[in-house]
Amino acid sequence: MTDAAHAHGHDDHSHGDHGHHAPPSGMMRWLTTTNHKDIGSLYLWFSLIMLFTAGSMALLIRAELFQPGLQLTNPDFFNQLTTMHGLIMIFGVIMPAFSGFANWQIPLMLGAPDMAFPRMNNWAFWILPVAGVLLMGSFLLPGGAVAGGWTMYPPLFIQGGISYDLTILAVHIMGLSSIMGSINIITTILNMRAPGLTLMKMPLFCWTWLITAYLLIATMPVLAGAVTMLLTDRNFGTSFFNAAGGGDPVMFQHIFWFFAHPEVYILILPAFGIVSSIIPTFARKPLFGYASMVYATASIAILSFIVWAHHMFSVGMPAAAQLFFMFSTMLIAVPTGVKVFNWVATMWKGSMTFETPMLFAIAFVCLFTIGGFSGLVLAIAPVDIQLHDTYYVVAHFHYVLVSGALFSIFAGIYYWLPKWSGHMYDETLGKWHFWLSVIGMNIVFFPMHFLGLAGMPRRIPDYALQFTEFNQIATVGAFIFGFSQLIFLVVVLKAARGGVKATDRVWEGAEGLEWTLPSPAPYHTFETAPVVK
Amino acid sequence: MSAGNAKTLGKLVVVTLLMFGFGFALVPFYYKICEATGINSGAEQSLVKNTQIDTRRWVTLEFDANTNTSLPWRFKPLQTRLKVHPGQLVQVEYEVINNSDHAIVGQAVPSYGPARAAAFFKKIECFCFTPQTLAAGERRRMPVLFVLDHAMDPEVHTVTLSYTFFDMAPKAAASGLRNLMPHG
């Protein structure tokens with residue numbers, strides 16, 4: 001998708017007098033690039049490759065679960081698949097994809113020439129594939145990849161083999177990458193906005209990423225600390241979590257979820273930003289309640305720090321603590337409800353059209369809300385003790401992460417791809433991709449609610465006979481959903497190579513600085529800052 | 001890199017490092033919170049409350065210790081009397097000292113008074129379960145963990161637990177269990 005941008009970059013240079021070097025060609029161009037657009041594309045391609053990698057693992061999991069009993073995998077390999085699927089989807093797909101959007105869009109939306117620290121930006125991306133190799137390579141090691149669950153709970157995680165050490169190292173690297181990316185984003189947003197572009201005039205995508213980046217630098221170091229403690233428990237004789245040495249395994253869960261609950265908002269706040277950009281464009285109305293959106297995002301971020309133990313109701317906790325975490329969790333529904341209300345109010349009486357980005361954005365609003373409601377059900381402590389570690393939880397977090405985070409990423413790609421590549425994507429294929437995805441996704445995950453209510457435990461390759469039908473439905477849905485992503489690949493490749501030339505504004509109702517640029521966006525943009533009235 | 005950006009970078013790096021330290025600080029912090037609020041202190045856990053304790057009555061326990069005359073050990077309970085509720089988990093300790101100049105294997109055999117209390121005296125962990133080998137001059141403290149079943153006859157108000165240590169050497173010799181004997 002950047003070939004055109006690349007070519008354009010050359011043109012720009014031939015008559016430019018800014019002293020920029022033309023990017024080197026071939027592999028070195030990508031390895032050494034400090035251009036925010038190149039790095040954004042790298043993040044997005046990396047994310048796409050990882051989506052297919054971790055998606056294949058999901059299909060293997062669903063294939064195994066098509067029937068009770070063991071068909072394709074053994075229990076240990078099955079656990080490796082669920083663990084790696086989770087780790088890669090979170091750290092290798094969703095987070096890098098949002099970083100890709102941030103790199104492409106934040107400078108364009110703010111009227112900045114590039115990110116604040118381009119060299120650090122390059123590092124932040126290029127250490128990611130190293131973490132990917134450590135994770136994927138551990139499949140080949142004796143004992144296989146990690147099988148202790150993406151949450152890395154001890155005692156399992158302090159007992160496994162060499163691949164557990166490699167995974168801890170990979171988590172360190174991915175955390176470092178996120179922290180560097182976040183520092184870049186915060187600095188860019190705080191210091192490099194175009195004159196006149198006050199914080200409260202910024203596109204909401206920048207706001208949600210600013211808050212996400214703060215969440216990242218507040219929680220990623222805590223995760224780094226937690227996995228460092230795992231590492232020293234494993235190798236250097238400490239006993240933070242090792243009960244044999246006086247440690248407490250539950251302590252890990254407290255520290256981990258102090259990171260990981262804000263992390264789930266890290267995975268969704270940028271999605272809110274993307275959707276808040278798309279819905280006004282296709283409703284041809286400004287976003288309803290901009291200021292309340294900003295405050296709602298900030299409230300969600302602050303509340304995310306005081307709800308972590310709702311992941312741990314079943315470990316044993318005094319009733320007062322259960323009540324506190326239960327009610328504080330439910331409180332998050334208020335700012336989230338404000339957001340959903342604002343999106344619906346934006347669409348209300350709008351002149352709506354339903355191009356693929358809008359379809360994904362509307363599906364996001366509907367399905368993310370379902371995921372939010374099942375989250376409220378799980379927030380009720382007595383109910384959670386019943387549903388803990390069942391497929392109800394699996395259904396819940398896939399509704400918020402697949403039809404939430406992933407759909408917003410699809411929406412954002414369809415929305416900005418014409419600006420990035422200069423070509424319109426294939427609308428017919430886009431619609432096919434949307435409908436197959438939204439139908440397939442619901443066929444996979446909706447039956448899981450019932451499986452969970454009926455008591456089917458997660459992370460087990462076998463199940464009782466009465467769960468067979470719903471599992472078979474889910475598996476059929478998974479293959480529809482999985483293979484329809486190949487359509488997405490085709491759409492992206494086609495738009496990257498050529499197609500109908502996109503106009504500068506691309507969408508009739510699009511507002512914002514990025515749409516004032518030519519399509520494709522030139523290699524260097526806003527070298528003189530635009531003035532925002 | 002402009003000066004403004006460098007300043008922001010510096011601040012954010014400090015935040016990052018502080019949060020890394022905060023992760024580790026959470027460990028003592030959680031222990032302190034639990035200590036101060038009484039959360040997580042064993043029996044206080046709200047989810048596991050022992051409902052088998054009969055708090056309406058008290059039973060006096062007496063502890064006694066003897067050694068068989070052929071065994072040159074000194075053996076005594078560290079507490080002689082204890083008042084408990086039936087159903088309560090109790091741990092007591094005995095001390096044994098080998099006064100001889102060589103290692104000896106001994107095993108304790110319990111007896112109860114009154115004898116009908118024996119069926120309700122549920123030992124979970126006891127040094128009497130296995131033979132004990134004591135080196136010359138060795139002193140050892142040994143726990144007994146038990147529950148006095150709440151179903152015990154309410155007429156019984158005092159239960160005596162008495163242990164007698166026997167030298168295992170004759171038995172080991174008779175059964176050919178040479179490996180029970182310490183070598184050298």
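Just so it is clear: chains get the letters A, B, ... in the order the sequence lines come, proteins before strands, and each one is counted from 1. Predicted model only: the values in this text are computed from it and were never measured.
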Rounded distance [0.5 Å steps], CG in A/Leu128 versus CG in A/Leu176: 10.0 Å

Residues B/Lys123, B/Glu125: salt bridge by 4.0 Å N-O rule: no

Pair A/Asn235, A/Asp165: side-chain N/O donor-acceptor within cut-off below 3.5 Å: yes

Chain A contacts, top residue of B/Val27, B/Val15, B/Val13 (heavy-atom pairs, under 4.5 Å): B/Val27

Per-residue contact mode, A/Met220 against chain B (heavy atom under 4.5 angstrom): neither

Proximity breakdown for A/Ala224 and chain B, heavy-atom pairs closer than 4.5 Å: both

Output field: ring centroids A/Trp308/A/Phe325 closer than 6.0 Å: yes

Ring centroid separation A/Phe256 to A/Trp150 under 6.0 Å: yes

Results of side-chain hydrogen bond (donor to acceptor under 3.5 Å, both in side chains) for B/Asn66 - residues two or more places apart only: B/Asp64, B/Ser162

Parallel, tilted or perpendicular, as decided by the 30° and 60° cut-offs, for the rings of B/Tyr30 and A/His254: tilted

Toward chain A, the part of B/Phe24 with a non-hydrogen atom under 4.5 Å: both

A/Leu269 and its side chain to side chain contact (heavy atoms under 4.5 Å, CB included) partner, picked from A/Thr212, A/Leu210, A/Val264: A/Thr212

Neighbours of chain A found in residues 144-151 of chain B - heavy atoms under 4.5 Å: none

Criterion side-chain hydrogen bond (donor to acceptor under 3.5 Å, both in side chains) on A/His310 and A/Thr329, from CA distance to verdict: CA-CA 7 Å; A/His310 68 213; A/Thr329 304; 2.6 Å; yes

Parallel, tilted or perpendicular, as decided by the 30° and 60° cut-offs, for the rings of B/Tyr163 and B/Phe127: tilted

Interface moiety of A/Ile179 toward chain B, non-hydrogen atoms closer than 4.5 Å: side chain

Region of A/Tyr214 that comes under 4.5 Å of a non-hydrogen atom in chain B: side chain

Top contributor to chain B interface from A/Ser182, A/Gly225, A/Pro118 [non-hydrogen pairs under 4.5 Å]: A/Gly225

Chain B contact via A/Phe258 - which portion, at a heavy-atom distance below 4.5 Å: side chain

